[in-house]
Amino acid sequence: MKHATQLAAASLLATTALAGVAVAQEKQFRFVMVSHIGSNDANMGWLTESLAAFEEKYPDVTTEYISTNNYSVQEHVRLLEQAIATRPDGIAVPIVDNDAFEGPLRRAIEAGIPVVAFNIPDSRPADERIPYLTYVGGDEYLTGLHLGQYALEQAAAGNIPAPTGIVCASHDAAHQGLKARCAGMQAAMEGTGAKFEELFIGAEPAAARNTLQSFMQANPETNYIFTVAGWSSPWAWGVANDMGLSPDVDNEGVTVMTVDEAPVSIEGIRAGHLLAANSQGFWLQGYAPMEWLYWNKTLGYEPKSDILTGPVIINADNADKWAALVRSVFGDQEYDNQNTW
Amino acid sequence: MAAASLSGLKPIVRQHSEVGVILIAVLLVIFFVATSGGRWNNSYNISTILQITATLGLMTLGVALVIGTGEIDISVGSTFGIGALIYLYFAIRIDPVFAAMLAVAAGALIGAFNGYLITRTGTPSLIITLGTLMIFRGLAIALTSGFAFSVPYKERDGLTYFILGGENIFRAGSFSGVNTGFLWLIAGLVVLTIALKYTRFGNHLLAVGGSADSAHSRGIRVDRVKIKAFILCGALAGLGGVLEAGKLGSADGSMGRLMELQAIAACVLGGCVLAGGRISLLGALIGVFVLSSIQSYLVVMAVKPQWFMVLLGVIVVAAALGDRKLRHWAVRK
Amino acid sequence: MADAKPLIQVKNLDLYFGAFHALRNVSVDFHAGELVGLVGDNGAGKTTLIRVLCGIHTPTGGEVYFDGERVRAFHPKLAIDQGIETIQQSVGLCDNLSIARNFYLGREPVKRILGIPFLDFAKMRGEAKKVIRAFGLRDNVSVDDEVERLSGGERQSVKIGRAVEFKNRVVIMDEPTNHLSVREREHVNELAVQLRDQGLLVIYITHDIFQVHKLADRIVIMENGEKIEDASTDSMTADELEEVIRQGGRQVEKMEA
Amino acid sequence: MIGVALMLIAFSVIDFSGWWTVRTISNVVHFSSILALIAMGQALVIVSKEIDLSVGSVYGLTGIAFITFEQSLGVPGAMLAALGIAATCGLVQGIAVVWGGLPSMIVTLGGLFTFRGIIYVWTGGSVRNFSEEARAHWLTRAFGGEFLGFEVVLFWMLLMLVILSAMLKLTRFGNHLLATGGAADSAESRGVRIDRVKIVTFMICSLMAGFAGIVTLADRPQTHVTIGDLLELEAIAAAVIGGCLLSGGRGSLLGAVLGAFIVTSFRYELIALGAPSSWFITFVGVVLIVAVIFNQKLARWAGHNV
């Protein structure tokens with residue numbers, strides 16, 4: 001009994017200590033970002049960094065970052081409802097699923113809480129969609145599409161081989177955004193006659209490599225690998241390298257592409273391992289929604305169009321500049337740590 | 001004096017296994033109200049917690065019944081997901097009521113499959129249901145990569161949609177009301193508690209969990225009782241899936257993922273003995289409430305998402321330990 | 001006093017548990033109004049035999065007739081429905097249930113309310129209390145208490161009371177006097193004789209040949225899954241029977257070797 | 001074992017893409033070895049009649065600790081510290097199970113969440129890299145390099161198989177472990193300290209999972225915080241397919257290794273057949289059920305009372 005009490009007391013203390021930070025300071029506004037980019041996704045760093053920068057600039061605003069730890073609509077809606085229950089002054093949320101998010105968001109908007117969509121918009125026509133203030137973010141489908149088109153341009157220029165088989169390696173089969181990236185890539189590759197496959201590799205590194213290797217073994221015509229997360233690109237490169245498929249960017253063997261402006265993506269491009277990545281402007285996706293919520297609260301601004309932060313192609317030509325930018329946000333040490341090549 | 005009055009409570013704790021979890025729930029609620037400054041204890045949040053309690057609770061009732069027979073069912077998370085997908089697929093194409101019945105029937109079928117394999121082959125239920133957990137999770141993921149499973153928000157305002165997980169009834173003043181799923185849960189709790197305590201089926205179920213050999217020697221068809229429990233469990237998980245899908249209007253392949261573990265944790269918190277024979281349905285539901293309250297507290301207090309899992313894991317074990325120590329104290333002379 | 005036609009007839013019964021041959025070609029008749037002592041050392045197969053009779057095990061080969069009818073399906077439910085009650089050593093009570101619930105386990109009385117069959121608690125409590133008090137249950141133990149709290153003797157009383165209460169044709173007692181005090185033991189033995197006198201078939205299993213010889217009409221001795229002796233108590237003394245067990249045991253061992 | 005033979009025959013028959021090629025075999029053997037290391041620990045826990053759901057998280061936590069500590073402690077120090085963390089995970093869970101009297105399923109479920117959460121809190125969602133010097137360190141090569149044309153993890157796995165099998169069959173502790181799982185009461189009445197046996201078994205299981213994590217990352221230090229996700233399911237499946245009975249007291253480490261091989265080969269074969277890889281989960285489930293029933297029938301046929 002004694003041990004149990006101590007344990008319980010310790011955990012409750014830990015909770016209050018963490019919570020205390022949020023309650024202690026007197027602030028005028030409290031904005032909440034409810035995200036599906038969680039502890040299992042390195043891109044969370046962009047969003048939390050930009051929220052911190054925003055708080056620094058606007059000392060009268062508290063920002064909170066709430067996220068699921070795996071991609072699940074069910075869980076995400078639950079978090080959203082609980083966030084609404086705290087009556088924040090503004091909410092930023094990706095519209096992962098129109099149908100599931102419409103109910104709670106309409107209720108929040110009716111209750112006078114301004115909502116900004118980020119990262120994923122409500123894909124329906126403007127008059128049908130959830131009446132949020134605006135959308136800030138990229139476009140998952142375009143991310144895949146533009147990257148695919150860029151690769152075809154490079155192939156036409158003779159820098160890389162023409163596609164004979166493309167695999168879109170996805171780490172979460174339930175994540176709608178990842179499916180949209182693959183769909184974009186597929187659309188770009190249509191007409192080339194190359195075989196396109198979507199492969200669910202899972203998020204476990206050893207199992208993912210095993211899966212990808214098995215796939216490459218069974219489908220020897222595959223020569224483009226598109227990893228829909230930056231952190232899985234070294235795995236794909238490693239598998240192809242082990243199999244002697246010359247995965248570096250050259251006119252033979254396999255070509256690897258990925259997404260995100262993460263250090264691992266940028267450094268992969270700089271080292272010649274990766275052809276290109278696609279930035280969605282993650283830093284802006286954290287900062288800009290807060291800015292719009294603040295302006296809406298203080299000035300009554302209501303932007304009349306979506307604000308696109310991407311996609312922007314990162315390739316060997318601009319990777320150095322990207323590296324400098326990202327270093328300035330994360331700091332040198334964190335940047336180097338995140339480079340897992 | 002104090003010691004004497006405390007030991008006077010022992011028989012109550014001994015006979016009502018839910019006392020421990022009620023105590024934990026009360027203490028937690030007091031703590032949450034005191035420290036959250038109204039962020040936890042507002043009507044909107046409470047109604048959210050009750051909504052989670054409703055769907056997870058229906059699943060937990062079924063799991064508790066299976067635990068009562070001395071078996072375990074960890075496939076319910078996948079059954080929940082399959083139920084949700086079936087409901088959404090047919091609700092928009094045929095009719096919500098028909099779809100709901102189909103989803104519950106599918107759940108019952110999965111339960112029957114589990115029960116049949118377990119009783120027929122005498123294999124541990126943990127392994128069989130682990131197998132079906134994976135089978136139907138894979139199926140759910142495969143299904144959702146081919147079709148969209150959703151019902152648009154605007155179309156979800158008919159009476160049938162309302163009954164199957166619709167929004168906020170009893171809305172009054174500042175109280176934002178509860179989801180109809182909660183009524184299903186209460187109905188399930190009442191019916192099953194009566195069935196468990198006051199009917200032959202309940203007596204047989206507990207006897208099977210207490211001592212399958214003794215029950216068998218008294219002429220009880222142990223296998224049939226177990227299969228019935230699994231069928232009920234599957235059907236309840238399917239119903240939970242329907243209500244969750246009815247509320248969300250959409251589902252992905254991860255629907256219900258990890259809920260099986262929460263359901264088992266809730267049962268243990270609520271005083272169900274995993275060895276079988278002693279269960280408390282009310283206790284299990286309060287266990288669900290405790291779990292969803294903790295989760296919601298961490299969210300509304302903006303605990304960093306990284307801490308979330310650590311605290312959840314530690315609190316589940318600590319609460320199970322506290323509950324056990326309390327019961328230990330009550331049994332001691 | 002026994003009927004000419006056997007109530008239970010066992011013919012060439014064989015039973016395997018995996019590779020283990022638990023019953024070997026056992027044939028034996030039991031008549032109504034007879035008290036049969038079934039004797040043998042531990043592992044001789046006596047408990048296995050009666051577990052076939054009360055439906056727990058299904059035999060691998062051979063036939064069982066009840067009242068002249070071939071028994072084709074084995075399940076305790078069927079046995080109980082036909083009036084075979086068993087008092088077993090280790091099974092029969094569920095620790096987690098109350099005395100009243102255990103008493104009626106498997107044949108619970110119901111009362112219909114709105115057409116739904118609810119348990120008839122008033123009857124269950126009343127009857128269980130009446131019978132069990134007669135078997136010497138302490139006054140401070142209520143029929144609502146869990147069986148877990150009873151002593152070994154009290155548990156035995158619940159089982160015997162239950163077997164006696166329901167009017168049956170066969171009562172099988174498996175080591176009924178284990179864990180009992182001397183007084184309780186005499187009481188149980190008297191009951192066995194009483195039941196026989198009421199015209200029931202009583203099968204009394206024990207390894208104490210001297211105790212059962214005083215009660216039984218007939219003794220059946222088993223060894224290593226086989227029947228090795230079947231004699232009326234008039235024809236052989238207890239000492240002679242004990243010698244058979246000794247000899248029989250040795251004979252079988254030789255055969256095995 | 002019969003199962004493995006049947007499966008290999010089946011694969012050879014339905015083979016579309018060259019099952020019997022060196023690269024396929026070495027690919028399957030590599031991941032099988034990693035999974036087998038975890039499955040062997042799991043098998044020991046199952047033999048003691050408990051279960052450990054936390055192995056996937058312990059695998060991840062240890063691996064990430066190894067990479068993170070390398071900067072401050074160097075390769076040998078990081079390795080020891082990481083294994084120390086793994087042992088602590090096992091110790092804490094074992095104590096909660098034995099002295100707290102809680103079902104191991106609940107405790108290790110808590111462990112699954114807690115250890116994964118610790119990874120998140122500690123790393124903030126991204127893993128640091130492994131320096132060039134560390135990758136070239138002889139100890140890293142010893143655990144992650146190649147030997148005789150095979151990944152060295154295969155030989156580590158075989159070594160652990162021999163050591164643990166010897167421990168289980170030839171030592172007093174092994175005897176106590178089997179007795180604890182087979183009949184805890186009887187074991188206790190013969191003076192076996194079942195609480196210690198169980199705690200040590202949990203520690204061995206966590207150590208094996210941690211060791212697998214280190215071996216994996218020594219080979220490929222490119223990882224992510226999701227490392228070890230859902231591996232517990234594959235490890236339990238491997239142990240059960242290999243003939244561990246959940247009723248405790250019986251189990252074979254060689255079986256667990258072969259079980260890991262079956263699970264991994266199924267993944268390969270499914271992908272080779274062109275099935276969507278989400279079906280893999282479904283198929284592991286099917287194989288699990290079929291194998292457990294098959295093993296049980298086999299054991300009963302052989303005369304065991306299970």
Side-chain angles (χ1 to χ4, degrees), chain B residues 10-17 64-65 67-70 119-120 122 190-226 271-280 283 327 330-333, chain C residues 47 50-51 54-57 73-98 100-114 116-121 124 142 144-149 155 158-159 162-163 166 172 174:
Chain B
K10 281 187 179 182
I12 301 172
V13 178
R14 200 161 55 220
Q15 278 170 11
H16 300 273
S17 52
L65 288 179
I67 288 179
T69 69
T119 54
R120 199 57 196 268
V190 170
V191 169
L192 289 174
T193 304
I194 289 173
L196 192 65
K197 292 215 165 132
Y198 302 106
T199 69
R200 267 188 190 171
F201 171 70
N203 207 35
H204 292 182
L205 188 137
L206 291 176
V208 165
S211 163
D213 287 342
S214 296
H216 183 64
S217 78
R218 297 308 300 159
I220 295 169
R221 301 209 179 252
V222 174
D223 290 358
R224 287 191 198 170
V225 171
K226 284 187 179 175
C272 301
V273 179
L274 282 180
R278 290 168 212 270
I279 56 171
S280 164
R327 222 158 327 135
V331 175
R332 220 166 34 208
K333 294 206 172 95
Chain C
T47 301
I50 62 103
R51 283 194 169 179
C54 65
I56 293 180
H57 297 321
F74 289 82
H75 193 277
K77 174 100 181 114
L78 304 174
I80 289 176
D81 287 348
Q82 286 185 308
I84 301 175
E85 268 291 338
T86 319
I87 302 156
Q88 297 185 49
Q89 289 181 78
S90 54
V91 297
L93 295 178
C94 294
D95 280 352
N96 57 328
L97 299 182
S98 70
R101 279 171 183 261
N102 261 301
F103 196 81
Y104 280 94
L105 192 56
R107 42 173 43 153
E108 296 87 347
V110 290
K111 198 167 58 182
R112 287 187 180 272
I113 301 171
L114 301 171
I116 305 163
F118 287 105
L119 294 178
D120 188 348
F121 276 113
M124 283 168 68
S142 136
D144 292 329
D145 275 337
E146 290 181 3
V147 167
E148 195 177 30
R149 307 192 68 203
R155 296 168 69 105
V158 175
K159 292 190 208 169
R162 179 168 69 185
F166 302 108
I172 300 172
D174 189 359

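Just so we're on the same page: letters track the sequence lines, and every chain starts at 1.
Proximity to chain B (any heavy atom under 4.5 Å) is restricted, for C:Phe121, to the side chain, taken from C-beta onward. Of the atoms belonging to C:Leu78, it is side-chain heavy atoms, and not backbone ones, that fall under 4.5 Å from chain B. Heavy-atom distances place the side chain of C:Arg162, and not its backbone, under 4.5 Å from chain B. Only the side chain of C:Leu97 comes within less than 4.5 Å of a heavy atom of chain B; its backbone N, CA, C and O stay farther away.
Rounded to the nearest 0.5 angstrom, C:Leu93 CG and B:Ser211 OG are separated by 8.5 Å. Remark: C:Ile113 CD1 to B:Tyr198 OH distance equals 10.5 Å, nearest 0.5 Å. With rounding to the nearest 0.5 Å, the separation of CG in B:Asp213 from CD in C:Gln88 is 9.0 Å. To the nearest 0.5 angstrom, C:Leu119 atom CG is 12.5 Å from B:Lys197 atom NZ. Atom OG of C:Ser98 and atom CG of B:Asn203 lie 7.5 Å apart (nearest 0.5 Å). With values rounded to the nearest 0.5 angstrom, C:Leu105 atom CG is found 8.0 Å from B:Ser214 atom OG.
When all heavy atoms of B:Ser217 and C:Gly92 are compared, the pair lying nearest together is OG-CA, 3.7 Å. The minimum heavy-atom distance linking C:His75 with B:Ile220 is given by the pair CE1-O, 3.7 Å. Closest of all the heavy-atom pairs between B:Gly210 and C:Asn96 is CA-OD1, 3.2 Å.
Salt-bridge formation is detected for the pair C:Glu146/B:Arg278: a Lys NZ or Arg NE/NH1/NH2 atom is positioned less than 4.0 Å from an Asp or Glu carboxylate oxygen.
Checked by atom type and distance alone, the side chain of B:Arg200 pairs as donor or acceptor with a backbone atom of C:Glu108 at under 3.5 Å.
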task: Take C:Phe118 and B:Ile194 through the test side chain to side chain contact (heavy atoms under 4.5 Å, CB included) and record every step on the way to the result.
output: CA-CA 9 Å; C:Phe118 287 105; B:Ile194 289 173; 3.2 Å; yes
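Under the 4.5 Å side-chain criterion, counting only non-hydrogen atoms from C-beta, B:Arg218 is not in contact with C:Lys77.
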